[in-house]
Trainee: 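Starting off with a structure, shown below.
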Amino acid sequence: MSPTPVTFASPTAPSTYAWEATNEEVARRYGLRVDEIVRFDLNTSPLPPEMVGRILAAGTFETPLSEYPPSDYARLVAAAAARYGVATDELLVGAGADEILDMVGKTFLAPGQAAVVLPPTYSMYRVVTEQRGAAVIDVARRPASDGWILDADAVRQAARSAAVVWLCSPNNPTGLPEPDGVLASLLADIAADADGDARPRPIVVIDEAYAEFVDWSALGLRSAYPDLIVVRTMSKAYGLAGIRVGFAVAQPAIIARMAPYRPPGSVSTVSVTVATEVLGSDGVARDNIARVVAERPRLVAALRAAGLTVHESVTNFVLVGLGSAERAGQVADGLMCRGLVPRTFGQGHPLAAYLRLTVRARAENDRLIATITDIIGAAAPAADPEGEAAP
Ligand SMILES: Cc1ncc(COP(=O)(O)O)c(C=O)c1O
């Protein structure tokens, strides 16, 4: 077996996050009404939790809208700590997980340092690393046929020259968690390689944006690996991407190092109120996950029946292989001109031949299924419908 490619890239200009077109842009480009457009590209939920309507209608927020939110977000921190089963000094609040990733970069990365990124994965790890002037060490995941799991030996080796290791489980955009025990033993191996000041333990980030969709969390590993930061969000299982609330969970010493980089008041008092109440009530994430778990197999089966290669997923999105970047582009365009926005990956990306599709509400998924079946039926069959680009 040939060794896994491990490449160093010194940034010239930092990478940027590539958004899909906005609803307004799609509407303008294809002559559609804005209210016809459905977003299958953002791994969000069709509706916020029911209780949010009541909270907003009551109009009583953590502080009056004329005031800043409490500087310590104390009630939100307490609600999150209770929900995740951690102490309040093990938590840091951010405007979404994205702001947490940014704070990790600001705290732990500097020019001349390096961070390990495992493509294909969430693109912000590269963006944050390069924005700090640090180098990315790419360690490719294993191929699609292995479920894109991480290559533990290669990650361990790369971690020896890194200040930060960015992990993501379940991984976006591939949809699966690492197999049982892999993260625990990887952390143990990385810790064993550390050698005091000569080779300090790197910060290991485990982004658990989709953790509620599986039964396991890395939170329990923070005592075994003191430099672990677990990232959580209200955007996915809680259906609250619009309120922008995320958390870092780590040992108090790590939280204390990150805290100076937390912008004051980046989470609005409305968001603080909604997040605190939602985290304090049982069953919100559970109900949303139940919708996804009911819809996902139906969507997967229908897309497969249409002749598409759909990969297993435990999350609220699925990855669909189209065999070539050209065909993925054609199908994406066919969907967009009918008002359905998929996630594309662009030329040169290891997933250029794929689209990622969010599992939405039943009627929206039906519209997606009918549209994609129509597009696929009308197009010439792919030369190799099972063809998968190696990541
Ligand atoms: C793996 C991962 N991390 C972080 C984020 C950003 O989450 P947030 O909305 O909390 O900023 C996303 C959003 O898609 C994600 O998929």
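All ligand and atom numbering here is 1-based and tracks the order in the structure. Index from 1, following the sequence.
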Trainee: Which pairs count as salt bridge (charged side-chain N to carboxylate O under 4.0 Å, His left out) when at least one residue sits in residues 303-312, sequence neighbours excluded?
Mentor: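 Counting only pairs at least two positions apart or across chains, the salt bridge (charged side-chain N to carboxylate O under 4.0 Å, His left out) contacts touching residues 303-312 are Arg304-Glu312.
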
Trainee: State plainly whether the residues Arg360 and Glu295 are in salt-bridge range, i.e. N to O under 4.0 Å.
Mentor: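 Here Arg360 does not pair with Glu295 in a salt bridge, since their nearest N and O are not under 4.0 Å apart.
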
Trainee: Honestly, is Arg257 close enough over Phe108, meaning NZ or CZ under 6.0 Å from the six-membered ring centre and within 45° of the axis?
Mentor: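 Output no; distance or angle outside limits.
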
Trainee: Determine the interplanar angle of the His311 and Tyr354 rings, folded into 0 to 90°, and report it as parallel if under 30°, tilted if 30 to 60°, perpendicular if over 60°.
Mentor: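 Rings of His311 and Tyr354: tilted, 30 to 60°.
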
Trainee: Please determine if Arg356 forms a cation-pi arrangement with Phe317, meaning its NZ or CZ atom is less than 6.0 Å from the six-membered ring centre and no more than 45° off the ring axis.
Mentor: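 Geometry flag: set, cation within 6.0 Å and 45°.
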
Trainee: Describe, in one word, how the ring planes of Tyr122 and Tyr125 are oriented to each other, choosing from parallel (under 30°), tilted (30 to 60°) and perpendicular (over 60°).
Mentor: perpendicular

Trainee: Hey, which residues fall under 4.0 Å of ligand 1 on heavy atoms?
Mentor: Gly96, Ala97, Asp98, Tyr122, Tyr125, Cys168, Asn172, Asp207, Ala209, Tyr210, Thr233, Ser235, Lys236, Arg244

